[in-house]
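To start, the structure itself, in structure tokens.
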Amino acid sequence: LHARLNPAKTILQPIERGIDFVGHIIKPWRTTLRRRTYNDALQRIAHLPADQIHTTANSYFGTLRQTTHSHHDRARLARLVMKRGHTVDGGLTKTFRRST
């Protein structure tokens, strides 16, 4: 490929710090969601119109399923979704539409 690293843009750091990639922090032993991404998700869910909560919350639950050590994060998101009147399954992986 003849690829070269740009010394002005390359930062070498220990692998323990992980790699920040599309909203996730990837480490050799686990993958976590970046705190900013997670906090933005909570803010969006809290201020969304009621008809958009179902699809948006399921999208965020899907993102959290891809990470390890996310039970606390899924529980916090589930509490927020339930506070908005929707139901969440027992595994904290999916939300259901509000019955009207």
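One is the number of the first residue; the rest follow in order along the sequence.
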When hydrophobic residues are tied together by side-chain contacts of less than 4.5 Å, even through go-betweens, does Tyr60 share a cluster with Leu42?
yes
Check whether Asn58 reaches the backbone of Lys94 with its side chain - one donor and one acceptor, N or O, closer than 3.5 Å.
no
Which heavy atom of Gly23 sits nearest to which heavy atom of Leu33, and what is that distance?
O-CD1, 3.3 Å
To check you understand the geometry: which heavy-atom pair defines the closest contact between Ile25 and Gly18, and what is its length?
CG2-CA, 4.3 Å
Any chance you could measure Thr56, atom OG1, to Leu48, atom CG, to the nearest 0.5 Å?
4.5 Å
Quick one: does Arg79's side chain have a donor or acceptor within less than 3.5 Å of a partner on Arg74's backbone?
no
Residues in side chain to side chain contact (heavy atoms under 4.5 Å, CB included) contact with Ser59, at least two apart in sequence or another chain
none
Closest non-hydrogen atom pair, Ala57 against Thr95:
CB-CG2, 3.7 Å
Less than 4.5 Å apart, side chain to side chain, heavy atoms only: is that true for Leu64 and Arg76?
no
Thr32 and Thr67: which non-hydrogen atoms are nearest, and at how many Å?
C-CG2, 3.8 Å
Answer yes when Asp40 and Arg34 have at least one side-chain N-carboxylate O distance shorter than 4.0 Å, and no when they do not.
no
Any donor-acceptor pair under 3.5 Å linking the side chain of His86 with the backbone of Phe96?
yes
